[in-house]
Amino acid sequence: MNDTTTPGADFIRDIIAQDLAERLNGGRLHTRFPPEPNGYLHIGHAKSICLNFGVAAEHPGGLCNLRFDDTNPEKEDVEYVDSIQEDVRWLGFDWEERIYYASDYFPSLCRFAEALILAGKAYVCDLSAAEMRDYRGTLTEPGRESPYRERTVEENLDLFRRMRAGEFPDGSRVLRARIDMASPNMNMRDPALYRIRRVTHHRTGDDWVIYPTYDFAHGLSDALEGITHSLCTLEFEDHRPLYDWFLDNLEVPARPRQIEFSRLSLEYTVMSKRKLNALVRAGVVRGWDDPRMPTISGLRRRGFTPESIRQFCRLIGISKSPNRVEYALLENCLRTDLDARAPRAMAVLNPLRVVIVNFPEDRVEELTAPAHPQNEAMGTRRLFFTREILIEQEDFRESASKEYKRLVLGGEVRLRNGYVIRCLEAVKSDAGEVIALRCEYDPATLNVNPVGRKVRGVIHWVSASRCVVGEVRLYAPLFHVPEPDALKGEIAEQVNPDSMTVLADCHLEPGLADPRRDFAYQFERLGYFFRDPDSTPEHPVFNRAVSLRDTWAKIEKQQAGAG
RNA sequence: UGGCGGAUCGUCUAAUGGCAGGAUAGAGGAUUCUGACUCCUCCAGUCUAGGUUCGAGUCCUAGUCCGCCAGCCA
């Protein structure tokens, strides 16, 4: 897939181009992707990754760091650190040697804190969390100044050092910036800079009992790394004055600029790590990488390609507008990518037995089919035609209007990559259901259309004896409403109970016994399918990443609605 | 009754005072050994009301609606 179609300039790229033109920061461009390692990355993070790494790659000398914003050990874990790196790499981005951790800056941050204390711009506050909330005021009323706000520099320095030395219990004191308790911006009402937490950190162990807050750590980490453009989502807009306040009041080596954009919302799914975590914990999905999850690992397991996700991020663009992107757009990106590249195969999901009465019982005929109908370079594959074959149950009707382009009693269809067959008889059970078909084949129709008559259509099939039996999992959206965030109550109780359908008696063409593990196949007429890691050599398991566009299903639905 | 931000086809997104364009979805058609892909055609939009201007999606004024903010989360 061509990654460069529709470059899609946006307001952030415009700002950056202008900054570069004005030789701001000496003409340097340096961004960063700053995840907190407290969960798996999702498609919303992909948007940020594509922006940050993308914008850096577009300019000569542009760089993008990977930085873990690991300032809250209570929620963080190395499991997430590892998965995040894997996901960013898989998406196709490279931070080279520039992998950083906010926790690496804890000593520097401490020095910054002391500098603020020395300047009379930070103080140790003994208010409890509840008292602090009370003193903070409300959205419409100013807050009140803490009784500890006027401590001397010496006292503050002493207290802060003793906080760090572990002399005080958890939560008993915080270091606060001394700004303005009457600010209409709540973030400026003497925000907390450091809190006491005796929690083992996944990188620094028990070295620290005080940890910096996001606001204090983030902008200063940016400055320490020489970041020029700090791109983040809209909910941090209110934090920008504070971000700038730290840069203005401390001696920092660089002057990064924070720019905010809208986070991604996708129809029929949730995006908050809290909610995704709840789904995992409640067991309604099989893990962070469940193919129904909007996580990078879930999309990967489902069969999405990095290219399709990057293309999606390109198409949705970057803006500050509220948005909720249609799920169909994501699916379309995958289809477009896979249509060009996915090898073709045949698989029957709901089998119906067909006996070719004029084909000898012991004969096995080898057929050749292209791996891709529009791309000869992808080569060919071998199929086996036998007296007994399997077709899709829904590809046969005893009678149907001529709009139905499949097999009917007495009618002819072509078996994809094979012969034309005519249905002579439907064999029924005592209950009256069709359990098998008796058909005859026309030996003159291999790679040749019959003369003087037109077949109804083309259906897929597999040999009943020369095939492998496997499992196929079909997926529907995790939620049945386009905006699940608006649902009330426990998120785990709201998931679509039919979000996964397991078909255990699927018959696949022989080549699928040992499928490629890096890429999806197109099962012709059904969609794109990707081998699931639950597969064993004896029992392949495939996930349907996305169906093909299904015009017939749409017609049938309309007719059902009209009738 | 506080602060910050946002509003353009159904959806996402361009247009930086000068032809409202693209993508996707939708409708119709062509083609077809995938009811796929591809190709062609069509439908469809500037939140409201005033104002400035030769000219406004863009600037001004007043509204409306939506989002975020009262963690020692990020």
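Proteins come first, then strands; the chains are lettered A, B, ... in the order of their sequence lines, and each starts at number 1.
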*Asks:* Base, sugar-phosphate alone, or nothing: which one does A:Asn417 contact when heavy atoms must sit under 4.0 Å apart?
*Replies:* base

*Asks:* Partner of B:U34 by Watson-Crick or G-U wobble geometry, both contacts under 3.5 Å, or none?
*Replies:* none

*Asks:* Describe the nucleic acid contact of A:Leu193 in one word from base, sugar-phosphate, nothing, applying a heavy-atom distance below 4.0 Å.
*Replies:* nothing

*Asks:* Please determine whether any donor N or O and acceptor N or O are separated by less than 3.5 Å between the side chain of A:Asp238 and the base of B:G3.
*Replies:* yes

*Asks:* Contact class for A:Phe236 (heavy atom, under 4.0 Å): base, sugar-phosphate, or nothing?
*Replies:* base

*Asks:* Just N and O in the side chain of A:Gln558: are any of them under 4.0 Å from OP1 or OP2 of B:A27?
*Replies:* yes

*Asks:* For A:Arg549 and B:G35, is the shortest distance between a side-chain N/O and OP1 or OP2 below 4.0 Å?
*Replies:* no

*Asks:* Within the structure, does a side-chain N or O atom of A:Lys554 lie under 4.0 Å from either OP1 or OP2 of B:A27?
*Replies:* yes

*Asks:* For A:Met186 and B:C4, what is the distance between atoms CE and C1' respectively, to the nearest whole Å?
*Replies:* 13 Å

*Asks:* Considering just the side-chain nitrogens and oxygens of A:Arg173, establish if one lies under 4.0 Å of OP1 or OP2 belonging to B:C72.
*Replies:* no

*Asks:* Scan A:Ser262 against the nucleic acid and name what it touches under 4.0 Å (heavy atoms): base, sugar-phosphate only, or nothing.
*Replies:* nothing

*Asks:* Need one value for A:Gln374: base, sugar-phosphate or nothing, where a base atom within 4.0 Å counts as base even if backbone is also close, heavy atoms only.
*Replies:* base

*Asks:* Any sub-3.5 Å donor-acceptor pair from A:Asn156's side-chain atoms to A:Val124's backbone N or O?
*Replies:* yes

*Asks:* Under 4.0 Å between any heavy atoms, over every strand shown, what does A:Arg416 touch: base, sugar-phosphate, or nothing? Just pick one.
*Replies:* base

*Asks:* Do any side-chain nitrogens or oxygens of A:Thr71 fall under 4.0 Å of OP1 or OP2 in B:A74?
*Replies:* yes

*Asks:* Once you round it to whole Å, what is the distance between C1' of B:U32 and CD of A:Glu524?
*Replies:* 13 Å

*Asks:* Across the strands shown, which category fits A:Leu127 at heavy-atom distances under 4.0 angstrom: base, sugar-phosphate, nothing?
*Replies:* base

*Asks:* Begin with the C-alpha distance, continue with both residues' side-chain angles, and end with the deciding distance and a verdict on salt bridge (Lys or Arg N to Asp or Glu O under 4.0 Å) for A:Glu392 and A:Arg525.
*Replies:* CA-CA 11 Å; A:Glu392 212 69 65; A:Arg525 302 212 306 134; over 6 Å; no

*Asks:* In whole Å, I'd like the distance from the CZ atom of A:Arg189 to the C1' atom of B:G3.
*Replies:* 9 Å

*Asks:* OP1 or OP2 of B:U34 sitting under 4.0 Å from any side-chain N/O of A:Arg344?
*Replies:* no

*Asks:* With respect to the phosphate group of B:C73, does any side-chain polar atom (N or O) of A:Arg195 fall under 4.0 Å of OP1 or OP2?
*Replies:* yes

*Asks:* Give one of base, sugar-phosphate or nothing for A:Asn447, where a contact means two heavy atoms less than 4.0 Å apart.
*Replies:* base

*Asks:* So does A:Ser321 get a side-chain nitrogen or oxygen closer than 4.0 Å to the phosphate oxygens (OP1/OP2) of B:A7?
*Replies:* yes

*Asks:* Less than 4.5 Å apart, side chain to side chain, heavy atoms only: is that true for A:Leu338 and A:Ser308?
*Replies:* no

*Asks:* Expressed as a whole number of angstroms, how long is the span from A:Asn323:CG to B:A14:P?
*Replies:* 11 Å

*Asks:* May I ask whether A:Tyr214 stacks on the base of B:A74, given the cut-offs of 5.5 Å between ring centres and 30° between planes?
*Replies:* no

*Asks:* So what does A:Leu139 touch, heavy atoms closer than 4.0 Å: a base, only the sugar-phosphate, or nothing?
*Replies:* base

*Asks:* Can you check whether any acceptor in the base of B:G35 is under 3.5 Å from a donor in the side chain of A:Arg406, or vice versa?
*Replies:* yes

*Asks:* Would you kindly give the CD-to-P distance between A:Glu237 and B:G67, to the nearest whole Å?
*Replies:* 15 Å

*Asks:* How close or far is atom C1' of B:C73 from atom CD of A:Glu74, stated in whole angstroms?
*Replies:* 9 Å

*Asks:* Measure CD/A:Glu141 against C1'/B:G2 and give the value in whole Å, please.
*Replies:* 10 Å

*Asks:* Tell me which nucleotide, if any, is Watson-Crick or G-U wobble paired with B:G5 when both distances must be under 3.5 Å.
*Replies:* B:C66

*Asks:* With a 4.0 Å cut-off on heavy atoms, is A:Phe523 in touch with a base, just the backbone sugar-phosphate, or nothing at all?
*Replies:* nothing

*Asks:* Mind checking if A:Arg197 touches a base, just sugar-phosphate, or nothing, with heavy atoms under 4.0 Å?
*Replies:* base

*Asks:* How is A:Met132 classified with respect to the nucleic acid when contacts are heavy atoms under 4.0 Å: base, sugar-phosphate, or nothing?
*Replies:* base

*Asks:* If you look at every strand shown and take non-hydrogen atoms under 4.0 Å, does A:Gly143 touch a base, only sugar-phosphate, or nothing?
*Replies:* nothing

*Asks:* Quiz question: going by heavy-atom distance under 3.5 Å, is there a donor-acceptor pair between the base of B:A74 and the side chain of A:His239?
*Replies:* yes

*Asks:* In the structure shown, which nucleotide is the Watson-Crick or G-U wobble counterpart of B:G50, with both distances under 3.5 Å?
*Replies:* B:C60

*Asks:* Check A:Phe106, A:Phe112, A:Phe160 against A:Tyr194 for a ring-ring contact (aromatic ring centres under 6.0 Å, His included) and give me the one that passes.
*Replies:* A:Phe160

*Asks:* Searching all strands shown, indicate the nucleotide that pairs with B:A14 (Watson-Crick or G-U wobble; both distances under 3.5 Å).
*Replies:* none

*Asks:* Name the nucleic acid region contacted by A:Arg414, choosing base, sugar-phosphate or nothing; use a 4.0 angstrom heavy-atom cut-off, strictly under.
*Replies:* base

